Participant: 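Take this structure, written in structure tokens, and hold onto it; I'll ask about it next.
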Amino acid sequence: MKLLLSGNKITAILLAIVTFLLVSCQHFLTPKISVFHNNKIAERITFGERSIALDTEQTSPAREQAIRSIRDRNYDTALRYLTDYFSGKPNDPEALIFFNNIKAEQTAQSYTIAVSLPISSDLNGSLEILRGVAHAQHDWNLARDNSGQSLKVAIADDDDNNPNNGTGIAEAIATELSNRNDILAIIGHYSSDTSLATANIYQDRQLVAISPVSTSVQLTDYSPYFFRTVPSDAKAAQSLAQYGQLQLSQAKVAVFYNSDSNYSQSLRQEFMNALGKEMKSILPKPSAIKTP
């Protein structure tokens with residue numbers, strides 16, 4: 001009886017410990033998406049009701065008044081403020097997308113896509129892509145001005161693989177965009193790590209994503225709903241290897257890469273493969289550099 005009692009006590013203690021661990025670790029066991037939704041993921045997405053990609057040099061009262069008018073649905077007033085703003089600041093892509101969205105809102109029919117970028121962590125890189133998006137949207141709407149088939153663009157800040165939260169915010173953004181019935185396609189994401197992390201979310205919802213930057217070979221044929229406008233690391237690595245062999249005539253090459261980055265690992269491996277083919281030799285193991 002004593003032995004049985006001891007066994008019950010041990011069982012009870014183990015159950016208590018497991019329960020304690022489950023409760024204590026609930027923060028870690030809860031998916032990041034739920035946590036980030038609590039932090040208002042929707043506020044990271046805008047059609048013009050808020051500014052999330054503002055270069056401090058672009059700040060002006062006219063811009064602020066325009067955004068306030070969009071938020072209040074005073075679109076004609078917003079157009080006037082933005083027109084005045086563009087006379088002095090014509091190269092603000094976010095403001096131009098807001099302007100185009102208002103014009104599209106006023107047509108009989110419009111289609112909606114989203115562009116997801118690392119605005120918080122890489123503003124300059126994001127603005128470069130937004131300039132291309134704004135230009136393409138402007139040309140599309142101008143060519144279809146009379147047909148009523150205009151294009152609206154939602155801008156999303158996904159914080160792309162920020163070391164503080166990994167791809168959690170990007171995954172939450174992808175889920176939010178996928179749940180919006182009006183979103184037809186996604187331009188993004190930026191890094192290969194983030195594109196890999198979000199590809200299955202889009203595939204589950206049959207939403208097409210097109211990345212202008214992600215180059216990892218792991219993304220090749222990764223999903224029938226993922227596309228990109230840049231060649232993979234295999235092409236870049238082949239060109240690097242050929243340049244080193246033919247132009248620099250180097251027999252030895254040192255390779256450093258970031259072991260925490262899928263892009264860096266992908267390019268390193270493809271470079272090693274291409275260099276091995278060019279030089280017909282076995283190369284020493286490259287050196288990995290950890291992120292701080």
Side-chain angles (χ1 to χ4, degrees), residues 42-120 122-158 173 176-178 180-190 207-213 227 229:
E43 292 186 1
R44 286 177 169 265
I45 304 170
T46 182
F47 284 93
E49 65 277 8
R50 67 181 65 87
S51 176
I52 60 174
L54 175 62
D55 186 339
T56 55
E57 295 181 357
Q58 307 291 352
T59 304
S60 81
R63 193 184 197 279
E64 295 174 3
Q65 289 287 350
I67 292 172
R68 188 175 298 111
S69 297
I70 294 173
R71 192 162 50 244
D72 294 338
R73 297 183 178 274
N74 295 325
Y75 296 134
D76 290 336
T77 302
L79 288 176
R80 288 197 298 271
Y81 279 120
L82 285 173
T83 301
D84 291 341
Y85 171 70
F86 290 141
S87 63
K89 304 284 186 179
N91 297 318
D92 181 345
E94 185 187 48
L96 182 55
I97 290 173
F98 292 168
F99 182 90
N100 294 335
N101 285 345
I102 296 172
K103 301 289 285 186
E105 186 72 24
Q106 295 177 333
T107 61
Q109 183 181 8
S110 63
Y111 303 106
T112 304
I113 64 172
V115 54
S116 189
L117 298 167
I119 296 170
S120 296
D122 186 359
L123 178 60
N124 289 333
S126 299
L127 288 175
E128 288 296 323
I129 294 177
L130 284 178
R131 289 187 183 97
V133 172
H135 182 71
Q137 181 193 22
H138 174 77
D139 286 352
W140 172 278
N141 290 351
L142 188 64
R144 292 159 180 79
D145 190 38
N146 296 324
S147 68
Q149 297 176 343
S150 298
L151 185 66
K152 293 171 61 178
V153 176
I155 303 172
D157 177 12
D158 61 27
I173 289 287
E176 174 68 23
L177 294 174
S178 298
R180 298 189 180 191
N181 294 329
D182 58 329
I183 303 291
L184 301 179
I186 307 296
I187 298 174
H189 292 254
Y190 198 86
L207 188 64
V208 170
I210 304 176
S211 173
V213 181
F227 301 88
T229 59

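None of these values were measured; they are calculated from a predicted model. Counting from 1, the numbers follow the sequence of the chain as shown.
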Participant: Between D182, L184, N101, which is the residue that forms a side chain to side chain contact (heavy atoms under 4.5 Å, CB included) with T112?
Facilitator: D182
Participant: Rounded to the nearest 0.5 Å, how far apart are CZ of R44 and CZ of R50?
Facilitator: 11.5 Å
Participant: Can you tell me if R131 uses its side chain to pair, donor with acceptor, with the backbone of P93 under 3.5 Å?
Facilitator: no
Participant: Evaluate side-chain contact (heavy atoms from CB on, under 4.5 Å) for I70 paired with F47, printing each intermediate quantity in order.
Facilitator: CA-CA 9 Å; I70 294 173; F47 284 93; over 6 Å; no
Participant: For residues N141 and T107, determine if any side-chain heavy atom of one lies less than 4.5 Å from a side-chain heavy atom of the other.
Facilitator: no
Participant: A side-chain contact here means heavy atoms from C-beta on lying under 4.5 Å apart; do L79 and K103 qualify?
Facilitator: yes
Participant: Taking R63 as the fixed residue, which of D55, D92, D84 is the one that meets the salt bridge (charged side-chain N to carboxylate O under 4.0 Å, His left out) rule?
Facilitator: D92
Participant: Going by side-chain hydrogen bond (donor to acceptor under 3.5 Å, both in side chains), name the residues that satisfy it together with H138, two or more places apart in sequence or in a different chain.
Facilitator: none
Participant: Please tell me if the side chains of E94 and S51 come closer than 4.5 Å, counting only heavy atoms from C-beta onward.
Facilitator: yes
Participant: Of the non-hydrogen atoms in G188 and A209, which two are nearest, and what is the gap between them?
Facilitator: O-CB, 3.9 Å
Participant: Quick one: does any side-chain atom of R68 pair with a main-chain N or O of A78 as donor and acceptor, under 3.5 Å?
Facilitator: no
Participant: Atom CD1 of I119 and atom OG1 of T46: how far apart are they, to the nearest 0.5 Å?
Facilitator: 9.5 Å
Participant: Do the side chains of T59 and E64 get nearer than 4.5 Å, heavy atoms only?
Facilitator: yes
Participant: Please determine whether a side-chain nitrogen of the Lys or Arg among R180 and E176 lies less than 4.0 Å from a carboxylate oxygen of the Asp or Glu.
Facilitator: yes
Participant: Considering non-hydrogen atoms only, spot the tightest contact between S60 and Y85 and give its length.
Facilitator: OG-CD1, 3.1 Å
Participant: Counting C-beta onward and ignoring hydrogens, is there a side-chain heavy-atom pair between E128 and N124 closer than 4.5 Å?
Facilitator: no
Participant: Using side-chain heavy atoms (C-beta onward) and a distance below 4.5 Å, is R144 in contact with L151?
Facilitator: no
Participant: Rounded at 0.5 Å granularity, tell me how far CG in D157 sits from CG in L117.
Facilitator: 8.5 Å
Participant: Should I187 and I210 count as side-chain neighbours, where that means a heavy-atom distance under 4.5 Å?
Facilitator: no
Participant: About how many Å separate CD1 of I186 and OG of S178, when rounded to the nearest 0.5 Å?
Facilitator: 6.0 Å
Participant: Side-chain contact, heavy-atom cut-off 4.5 Å: V153 with N100?
Facilitator: no
Participant: Start with the C-alpha distance between S150 and Q106, add both sets of side-chain angles, then the distance that settles side-chain contact (heavy atoms from CB on, under 4.5 Å), and finish with yes or no.
Facilitator: CA-CA 9 Å; S150 298; Q106 295 177 333; over 6 Å; no
Participant: Indicate yes or no for a side-chain donor-acceptor contact from N74 to the backbone of T77 under 3.5 Å, with no hydrogens or angles considered.
Facilitator: no
Participant: Between T83 and R80, is there a side-chain donor-acceptor contact under 3.5 Å, judged purely by atom types and distance?
Facilitator: no
Participant: What's the spacing between L96 CG and K89 NZ if we round to 0.5 Å?
Facilitator: 15.5 Å
Participant: Apply side-chain contact (heavy atoms from CB on, under 4.5 Å) to the pair V133 and I155, showing each step before the final yes or no.
Facilitator: CA-CA 10 Å; V133 172; I155 303 172; over 6 Å; no
